[in-house]
Amino acid sequence: EMTSLAKATGLCSSLLQASSAAGLTTTATRGVARIPHWEYHIRFSPKDGRKRPAQDVLDRFKRLNNGMWIRSHPGKNKIRYAKDDNFQTTSLYYETCTKEQCWMLDKMMTKYWLRPRYYENDPYAPYHTRHGVSAPRVDDRGTLLRERPKVLLEDTVADVHFRDR
């Protein structure tokens, strides 16, 4: 019994020495065990059991009142002195997300964050109305939204002067 144990430990130590001599190294890959705990499950509040919104989405993206999501240019503040003038100007623009990305971001939010928000002196005010898009827009309940409120203009007059429907 002791001889078999000694043989097993001797075999293991010889294998370890052979692998270190051959220069074998293991590289960390992103498998199931390496994914951070906040990425692979939906988080719920322990108080009332409701779904919690993803904080990363709230930090990095902005949802407009028409349902689209915008984000800032990635790397806009990294090593600006080394970038060309074209990057300096275009990196300050906001980029719109695709339809699939907007759908995914809506799924990561709660109904509270999907409602339209109206602020005084809103810097995103020009982005809330979609211009030149003829497709109708629906909200999270599936009801048709009207981006341009009908105040004084009739639809025929608005179609002549504006192209935002």
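Just so you know, these numbers use all the heavy atoms, side chains as well, and skip hydrogens, waters and symmetry mates. Note that the coordinates shown come from a computational prediction; the quantities given were computed from them, not determined experimentally.
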Discussion item. Suppose clustering is done on Ile, Leu, Val, Met, Phe, Trp and Tyr with side-chain heavy atoms closer than 4.5 Å. Which residues sit in the same group as Y81?
Written reply: I79
Worksheet item: Between CH2 of W113 and CG of D106, what distance do you get to the nearest 0.5 Å?
Response: 14.0 Å
Worksheet item: Taking atom CE of M108 and atom CH2 of W103, what is their separation to the nearest 0.5 Å?
Response: 11.5 Å
Practice prompt. Report yes if some heavy atom in the side chain of T89 is under 4.5 Å from a heavy atom in the side chain of D85; otherwise report no.
Written response: no
Worksheet item: Rounded to the nearest 0.5 Å, how far apart are NE2 of H73 and NZ of K78?
Response: 13.5 Å
Discussion item. Less than 4.5 Å apart, side chain to side chain, heavy atoms only: is that true for R63 and L105?
Written reply: no
Discussion item. Rounded to the nearest 0.5 Å, what separates atom NZ in K76 from atom CD in E95?
Written reply: 10.5 Å
Item to complete: Quick one: closest heavy-atom pair of G75 and K83, and the distance?
Response: O-NZ, 3.8 Å
Worksheet item: Could you give the distance from NZ (K47) to CZ (R52), rounded to the nearest 0.5 Å?
Response: 9.5 Å
Practice prompt. Can you measure from SG (C102) to CE (M68) and round to the nearest 0.5 angstrom?
Written response: 6.0 Å
Worksheet item: Does any non-hydrogen side-chain atom of Y124 lie less than 4.5 Å from one of K62?
Response: yes
Discussion item. Counting neighbours of CZ on R60 that are heavy atoms of other residues, nucleotides or ligands and sit closer than 6.0 Å, is the number greater than 12?
Written reply: no
Worksheet item: Do D122 and R117 sit within salt-bridge range, that is, some charged N less than 4.0 Å from a carboxylate O?
Response: no
Item to complete: Could you list the residues that satisfy side chain to side chain contact (heavy atoms under 4.5 Å, CB included) with T98, not counting sequence neighbours?
Response: E100, Q101
Worksheet entry | W69 side chain reached by M109 side chain, heavy atoms, under 4.5 Å | yes
Fill in: Path from L58 to Y112 over hydrophobic side-chain contacts below 4.5 Å
yes
Practice prompt. Report the residues that fulfil side chain to side chain contact (heavy atoms under 4.5 Å, CB included) with P116, sequence neighbours left out, ordered by chain and then residue number.
Written response: N65, Y118
Fill in: R80 (side chain) donor-acceptor with Q88 (main chain) under 3.5 angstrom
yes
